Amino acid sequence: GNFTGEGDDMKSDKNLKACIDVLKSLQRRDGIEPEQKEAVARALEKLMELRRHPNMKRQNVFLTVREIAEAIIKTFLK
């Protein structure tokens with residue numbers, strides 16, 4: 001089945017928008033390394049992909065979130 005329920009719209013989801021806003025804020029911060037900025041940019045691209053595909057299957061949504069989290073954590077823990 002699809003991740004979103006009947007009537008839900010991933011494009012206007014407040015939680016998704018909040019995640020995007022947090023990552024954009026992080027990307028603008030001083031003191032983060034170029035590699036970290038690239039990881040955040042890739043994460044933003046993945047989130048925007050979720051937004052463009054509002055009817056993505058639940059499994060794909062979770063996989064995308066996992067990829068985002070792993071990429072950011074690996075980059076910031078170096």
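Hydrogens, waters and symmetry mates are skipped; everything else that's a heavy atom, side chains included, is used. Just so it is clear, the structure is predicted and the values come from calculations on it, not from any experiment. Nothing fancy with the numbering, it's 1 onward along the sequence.
- Looking at H53 and N60, their side chains never come closer than 4.5 Å, going by heavy atoms from C-beta outward.
- The structure places CG of L44 at 7.0 Å from CD1 of I20, a figure rounded to the nearest 0.5 Å.
- For A39 against I72, the heavy-atom pair with the smallest separation is O-CG1, 4.4 Å.
- With sequence neighbours left out, the side chain to side chain donor-acceptor pair (under 3.5 Å) criterion links R29 to no other residue.
- For the pair T64 and L50, the tightest heavy-atom approach, listed with the atom from each and the gap, is CG2-CG, 3.9 Å.
- Nearest heavy-atom pair across M56 and V61 is SD-N, 3.8 Å.
- M48 has its side chain within reach of R51: a pair of non-hydrogen atoms, C-beta onward, lies under 4.5 Å apart.
- Taking CZ of R28 as the reference point, atom CG of L23 lies at 10.5 Å (rounded to 0.5 Å).
- In this view, N15 satisfies the side chain to side chain donor-acceptor pair (under 3.5 Å) rule with no residue, not counting sequence neighbours.
- E35 pairs by the side chain to side chain contact (heavy atoms under 4.5 Å, CB included) definition with T75, K78, not counting sequence neighbours.
- Residue pairs meeting the side chain to side chain donor-acceptor pair (under 3.5 Å) criterion with at least one member in residues 41-50, sequence neighbours excluded: K46-E67.
- Legend: residues meeting side chain to side chain contact (heavy atoms under 4.5 Å, CB included) with E33, ordered by chain and number and at least two apart, are Q36.
- The main-chain N or O of D21 is never found under 3.5 Å from a side-chain atom of S25 such that the two would form a donor-acceptor pair.
- As a member of the Ile/Leu/Val/Met/Phe/Trp/Tyr network built from side-chain separations under 4.5 Å, L77 groups with I73.
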